[in-house]
Amino acid sequence: MKRFVATARGRVQRVGYREHVYDEAFERNISGYVKNLKNGEVEIVAEGNEEDLRGFINAINIIQRPIVVKSFTIRWEEATGEYADFEIIRGEIQEEIFERMDYAGNVLHSMDMKFDRMLDKQDQALQIGKETLQVGKETLQVSKETLQIGKETLQVARETKEEIVGLRSDTKKHLDDEFAEIRKELVSIKDALARAGIQV
């Protein structure tokens, strides 16, 4: 078993630091106390096995809004076993009430900041939604224009097919007429040759 006496300096009073220290001690097999000092510092006395104590030190020597531990001094000693558990030593009732009020104000401020960030994210999400909707509208417009082009292309194809069918019909009639005329002329030539005594 080991024991340390630590002094935390910085923004450590009226910010919920003692509650943080208590919570971290509660998570470990540590006994002792935490209390505010008149000079604005916080004193922590802790006993336990060395591994738990070192983890405890890392967990309470922090900068975690609104707590700012700027200096953390430790003096190691032999454990005395005088503490059954870990406690917060409170000061005068008025001082404690003011500390609670300050801590509540800090918590509300933190909540307000988080709420503002959440609103900012919602605004960003709304903007992204609007932009996505605009892209969707533009895509729909492009799709409509593409469909219209497709319809026009189909109409041109139908007209082209009709023209080709008409051209083939006209060409067939013209060729049939031409071949009929050639046949007539061949028959006439054949008859003229036969009259001249030439057999074909």
For [X] versus [Y], what's the shortest heavy-atom pair and its separation?
X     : Y     : value
Ile89 : Arg18 : O-NH1, 3.3 Å
Ser31 : Ala84 : CB-C, 4.2 Å
Asp52 : Asn49 : N-OD1, 2.7 Å
Ile30 : Ala46 : CG2-CB, 3.8 Å

Option from Ile67, Val12, Val34 for which side-chain contact (heavy atoms from CB on, under 4.5 Å) with His20 holds
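The side-chain contact (heavy atoms from CB on, under 4.5 Å) with His20 is passed solely by Ile67 among Ile67, Val12, Val34.
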
From [atom1] ([X]) to [atom2] ([Y]), nearest 0.5 Å:
X      : Y      : atom1 : atom2 : result
Glu77  : Phe4   : CD    : CZ    : 11.0 Å
Thr139 : Lys144 : OG1   : NZ    : 12.0 Å
Leu133 : Glu138 : CG    : CD    : 10.0 Å

Less than 4.5 Å apart, any side-chain heavy atom of [X] and any of [Y]?
X     : Y     : value
Arg3  : Glu82 : yes
Phe86 : Ile44 : yes
Glu27 : Phe56 : no

With a 6.0 Å cut-off (strictly less than), is the heavy-atom count around [atom1] of [X], excluding the residue itself, greater than 12?
X     : atom1 : answer
Asn29 : CG    : no
Glu51 : CD    : no
Glu78 : CD    : no

Give every donor-acceptor pair under 3.5 Å between a side-chain atom in residues 175-182 and any protein atom, sequence neighbours left out.
| residue | atom | partner | partner atom | Å |
| --- | --- | --- | --- | --- |
| Asp176 | OD2 | Lys172 | NZ | 3.3 |
| Asp177 | OD2 | Lys173 | NZ | 3.4 |

Could you see if Ile164 belongs to whatever hydrophobic cluster contains Leu154? Use Ile, Leu, Val, Met, Phe, Trp, Tyr and a side-chain cutoff under 4.5 Å.
no

Just by modelled atom types, is the [Y] backbone N or O under 3.5 Å from a matching donor or acceptor in the [X] side chain?
X     : Y     : value
Tyr17 : Ile60 : yes
Glu47 : Thr80 : yes
Gln13 : Glu41 : yes
Arg9  : Thr73 : no

Tell me, please, which residues at least two apart from Tyr22 pass side-chain hydrogen bond (donor to acceptor under 3.5 Å, both in side chains).
none

Which residues satisfy the ring pair (Phe, Tyr, Trp, His ring centres under 6.0 Å) test with Phe72, sequence neighbours excluded?
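Expected list: none.
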
State plainly whether the residues Glu50 and Arg28 are in salt-bridge range, i.e. N to O under 4.0 Å.
no

